Amino acid sequence: GAVQECIPNDIGVDPAPSNRSALNQSTVAMNSSFMANLTNAINMSNITSRVYNATIYDCDDFADDLERWLQGLGYNATYTQYIKYLGVNSSTVDYAHAVIDVHLPGGGIIWIEPQTGKVINLDFDGDGRVGANVNQPYKNGHHPTDDNAKIYVYESAAAAAANGAPRD
């Protein structure tokens, strides 16, 4: 399975972000032509067949490469980083991870695990919307956006780094 410990833990505590977006997680049919084309594009990249290495090539590298690949093919793909905390209202980090998201022509969004190419669910509270900080400065500390997870969506890995999001 995908390794999900590749984003460094938060250091210090910053004030919570002031804005949050509620993104509509799509329930796009897995057999739709859009998904077939997207799956083919992901498979053509060969990114999912690369070897994970915690010090050289980990989740943020997979996400960066797949986001760029899909952007180059005309998909509206962006970079997402998230931290999932243990239990309800816990500030103890369970895991931190980087994935990509694809914004659909109809306005929805799907998240993709770049190490497997599979669609994943970031709607941790099950309300059909993913609470996220979109293109905002990264804030350290326990500031959940969706249930007990802190989710940040950026235009690219470079934009995430420029906004202070941790990378290795």
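Scope of the values below: all heavy atoms of this structure, side chains included, with no hydrogens, waters or symmetry mates. Fair warning: this is a prediction, and the values are worked out from it, not measured in the lab.
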(request) Quick one: list whatever passes side chain to side chain donor-acceptor pair (under 3.5 Å) with Asn37, sequence neighbours left out. (result) none

(request) List for me each residue that meets side-chain contact (heavy atoms from CB on, under 4.5 Å) alongside Ser90, sequence neighbours excluded, and say none if there are none. (result) Leu86, Thr92, Asn148

(request) Please list, chain by chain and in numerical order, all residues satisfying side chain to side chain donor-acceptor pair (under 3.5 Å) with Asn46, sequence neighbours excluded. (result) none

(request) Rounded to the nearest 0.5 Å, what's the gap from CG on Leu122 to CD on Glu113? Could you check? (result) 10.0 Å

(request) Kindly indicate, with the supporting measurements, whether the criterion side chain to side chain contact (heavy atoms under 4.5 Å, CB included) is fulfilled by Asn121 and Trp111. (result) CA-CA 7 Å; Asn121 184 355; Trp111 279 268; over 6 Å; no

(message) For residues 67-77, which residue pairs pass the side-chain hydrogen bond (donor to acceptor under 3.5 Å, both in side chains) check, not counting sequence neighbours?
(response) Asp64-Arg68

(request) Could you pull out the closest heavy-atom pair between Leu66 and Ser45, with the gap in Å? (result) CD1-OG, 4.0 Å

(request) Write down the atom of Gln136, the atom of Tyr154, and the distance for their closest heavy-atom approach. (result) O-OH, 2.9 Å

(request) Give the minimum heavy-atom separation between Gly128 and Asp123, together with the two atoms involved. (result) N-OD2, 2.6 Å

(request) Considering non-hydrogen atoms only, spot the tightest contact between Cys59 and Pro114 and give its length. (result) O-CG, 4.5 Å

(request) For Leu70 and Leu38, run side chain to side chain contact (heavy atoms under 4.5 Å, CB included): C-alpha distance rounded to whole Å, both residues' side-chain angles, the deciding distance at 0.1 Å, then the answer. (result) CA-CA 8 Å; Leu70 292 176; Leu38 179 60; 3.9 Å; yes

(message) In the structure I gave you, are the side-chain heavy atoms of Ile83 and Ile151 within less than 4.5 Å of one another anywhere?
(response) no

(request) Kindly compute the distance separating CD (Gln115) from CG (Asp58), expressed to the nearest 0.5 Å. (result) 8.0 Å

(request) Would you confirm whether Lys150, through its side chain, and Lys139, through its main-chain N or O, come within 3.5 Å as a donor-acceptor pair? (result) yes

(message) Would the distance check show the side chain of Asp146 and the main-chain N or O of Gly131 forming a donor-acceptor pair, the cut-off being under 3.5 Å?
(response) yes

(request) With sequence neighbours excluded, tell me which residues meet side-chain contact (heavy atoms from CB on, under 4.5 Å) with Thr48. (result) Ile42

(message) Using the rule given for side chain to side chain contact (heavy atoms under 4.5 Å, CB included), can you reason through Tyr79 versus Asp60, listing the C-alpha separation, both sets of side-chain angles and the distance that settles it, and then say yes or no?
(response) CA-CA 9 Å; Tyr79 176 92; Asp60 55 354; 3.2 Å; yes

(request) Would you kindly check if the NZ (Lys) or CZ (Arg) of Lys84 is within the cone defined by 45 degrees around the ring axis of Phe124 and under 6.0 Å from the six-membered ring centre? (result) yes

(message) Show every salt bridge (charged side-chain N to carboxylate O under 4.0 Å, His left out) that has at least one partner inside residues 32-57, sequence neighbours left out.
(response) Arg50-Asp65

(request) Decide yes or no on side chain to side chain contact (heavy atoms under 4.5 Å, CB included) for Tyr57 and Val51, but give the supporting numbers first. (result) CA-CA 7 Å; Tyr57 194 81; Val51 176; over 6 Å; no

(request) Classify the angle between the aromatic ring planes of Tyr152 and Tyr138 as parallel (below 30°), tilted (30 to 60°) or perpendicular (above 60°). (result) tilted

Which atom pairs, one a donor and one an acceptor, fall under 3.5 Å between side chains of residues 99-108 and the rest of the protein, sequence neighbours left out?
from: Asp101; atom 1: OD1; to: Thr78; atom 2: OG1; distance (Å): 2.0
from: Asp101; atom 1: OD1; to: His103; atom 2: NE2; distance (Å): 2.9
from: Asp101; atom 1: OD2; to: Thr78; atom 2: OG1; distance (Å): 3.1
from: Asp101; atom 1: OD2; to: Thr80; atom 2: OG1; distance (Å): 2.3
from: His103; atom 1: NE2; to: Thr78; atom 2: OG1; distance (Å): 2.9

(request) Please identify each residue that fulfils side chain to side chain donor-acceptor pair (under 3.5 Å) with Ser49, with sequence neighbours left out. (result) none

(message) Going by the rule side-chain contact (heavy atoms from CB on, under 4.5 Å), which residues pair with Asn53 if we only count those two or more places apart in sequence or in a different chain?
(response) Thr55, Ile56

(request) Name all residues meeting the salt bridge (Lys or Arg N to Asp or Glu O under 4.0 Å) criterion together with Asp61; count only those two or more places apart in sequence or in a different chain, and write none if there are none. (result) Arg167

(message) Restricting to side chain to side chain donor-acceptor pair (under 3.5 Å), what partner residues turn up for Asn43, sequence neighbours left out?
(response) none

(message) How close do Asn140 and His143 get, counting heavy atoms only, and between which atoms?
(response) O-NE2, 2.9 Å

(request) For Asn24, check side-chain contact (heavy atoms from CB on, under 4.5 Å) against everything at least two apart and list the hits. (result) Arg129

